Peer 1: 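Let me give you the structure first, and then I'll get to my questions.
Keep in mind that what you see is a predicted model, and the values were worked out from it rather than measured.
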There are 2 protein chains.
Amino acid sequence: MISKTCGYAIRGIVFLSLEQNKSTKHGILEIAEDLQIPQHFLGKILQDLVRRGIISSIKGPHGGFFVNSKTIDTPLIEVVEAIDGLGIFKKCFLGREECSSINPCPLHDEFDGCRSAIFKTFENLKISDLVKKIDIGDSYLSLNKEFATEI
Amino acid sequence: MISKTCGYAIRGIVFLSLEQNKSTKHGILEIAEDLQIPQHFLGKILQDLVRRGIISSIKGPHGGFFVNSKTIDTPLIEVVEAIDGLGIFKKCFLGREECSSINPCPLHDEFDGCRSAIFKTFENLKISDLVKKIDIGDSYLSLNKEFATEI
DNA sequence: TTTGATAAAGATATTAAGGTCTTTTATTCT
DNA sequence: AGAATAAAAGACCTTAATATCTTTATCAAA
């Protein structure tokens, strides 16, 4: 549904917003290692988010990425829009150029409800909602394969 | 969700299964032109489907692709499995290696229900169901951009 | 005011999806 | 048998997503 890149973006923002992280700056190396995401790739993604004002950054010694007043209230749809664009919610399931209720493919009606449910969820969920799930401890951000298969 | 390739596959099968098409063989050129799909690319896809027994083909003069006894009863999930594999229903929304209810990402619970609904729909829908929608006239397979924007 | 740290930016590489072109194989018709 | 036709197969091309590497700009501290 959403791209891998967009997932990385959300995880990056949530990492910075966690209770134990939100009062400090974090270098890209630290974030990337913790989340197991390629460093420079994540760097570019976070740069995009800084440009959008979703997070902030400072260069130089003791610089890094950090949350701002807007960060935790950012709805996920805003991140999705920034990275993937909203077009992903309009693509035809069968790969036709156009697909809508007035020009539907045979799968349009079947899945359109589901798709708008996903869209609404992205509209309603904020970064803070994901942070809660992690702080409470019933969800994970950064587990890698080794750890995951141990469970 | 499913790949463009997989959408092409479904559209190809449905085309062959339409009331007016199901009693004849159809060359790849005819199918591709009607559906506005690149000819040789669709050719390869249909070859896959023939190997799986979902449709049939004959070479040579008056040859072409055509439905067999199995075609119209094929559940869509079988096509999805053939082209994309079932892995697409297990990928983590945030791009982590592993994601499941015992090892969930912060979005897992939010979207898992939706995802299994999609899976079940693909299990329950058969080619014949899509054919009906088209034969009845409330759905389209092959509209191209020109026509679509006219509406 | 130089040095070191760090994000930003740019260039390049890799991979996978999607798409094209050419050759081969099977079949039919003359 | 030979020619024509059409799918099958294989090689290759293009584009977009993902990833890496290098250089530049900015800042802080010594």
Peer 1: List for me each residue that meets side-chain contact (heavy atoms from CB on, under 4.5 Å) alongside A/L29, sequence neighbours excluded, and say none if there are none.
Peer 2: A/E33, A/Q39
Peer 1: Examine distances only and state if a side-chain atom of A/H26 and a backbone atom of A/F66 form a donor-acceptor pair shorter than 3.5 Å.
Peer 2: no
Peer 1: Using the test side chain to side chain donor-acceptor pair (under 3.5 Å), find all partners of B/S3 that sit at least two apart in sequence or belong to another chain.
Peer 2: B/D84
Peer 1: For B/F111, what residues pass the ring pair (Phe, Tyr, Trp, His ring centres under 6.0 Å) criterion, not counting sequence neighbours?
Peer 2: A/F122, B/F93
Peer 1: Quick one: name the residues clustered hydrophobically with B/I136, using the 4.5 Å side-chain heavy-atom rule over I, L, V, M, F, W, Y, and just say none if it's on its own.
Peer 2: none
Peer 1: Under 4.0 Å, heavy atoms only, any strand: does B/G64 hit a base, just the sugar-phosphate, or nothing?
Peer 2: sugar-phosphate
Peer 1: Suppose we screen for side chain to side chain donor-acceptor pair (under 3.5 Å). Which residues come up paired with B/D48, at least two apart in sequence or across chains?
Peer 2: B/R51
Peer 1: Can you sort out the partners of A/F65 under ring pair (Phe, Tyr, Trp, His ring centres under 6.0 Å), two or more places apart, ordered by chain and number?
Peer 2: none
Peer 1: By a strict heavy-atom criterion of less than 4.0 Å, which residues belonging to residues 66-74 of chain A are in contact with DNA chain D?
Peer 2: none
Peer 1: Just the endpoints, please: which first and last nucleotides of DNA chain C, 5' to 3', lie under 4.0 Å from a heavy atom of chain B?
Peer 2: C/dG18 to C/dC29
Peer 1: Please list all pairs meeting side-chain hydrogen bond (donor to acceptor under 3.5 Å, both in side chains) that have one or both residues in residues 57-70 of chain A, counting only residues at least two apart or in different chains.
Peer 2: A/S56-A/N68, A/N68-A/T71, A/K70-A/E78
Peer 1: Base, sugar-phosphate, or nothing for A/L29, non-hydrogen atoms under 4.0 angstrom?
Peer 2: nothing
Peer 1: Could you work out, with side chain to side chain donor-acceptor pair (under 3.5 Å) as the rule, every residue matching B/Q20, not counting sequence neighbours?
Peer 2: none
Peer 1: What residues, two or more places apart in sequence or in another chain, satisfy ring pair (Phe, Tyr, Trp, His ring centres under 6.0 Å) together with B/H108?
Peer 2: none
Peer 1: I'd like to compare against my own output: the B/S/- annotation of nucleotides 21-30 of chain D with a strict under-4.0 Å heavy-atom distance to protein.
Peer 2: BB--BBBBS-
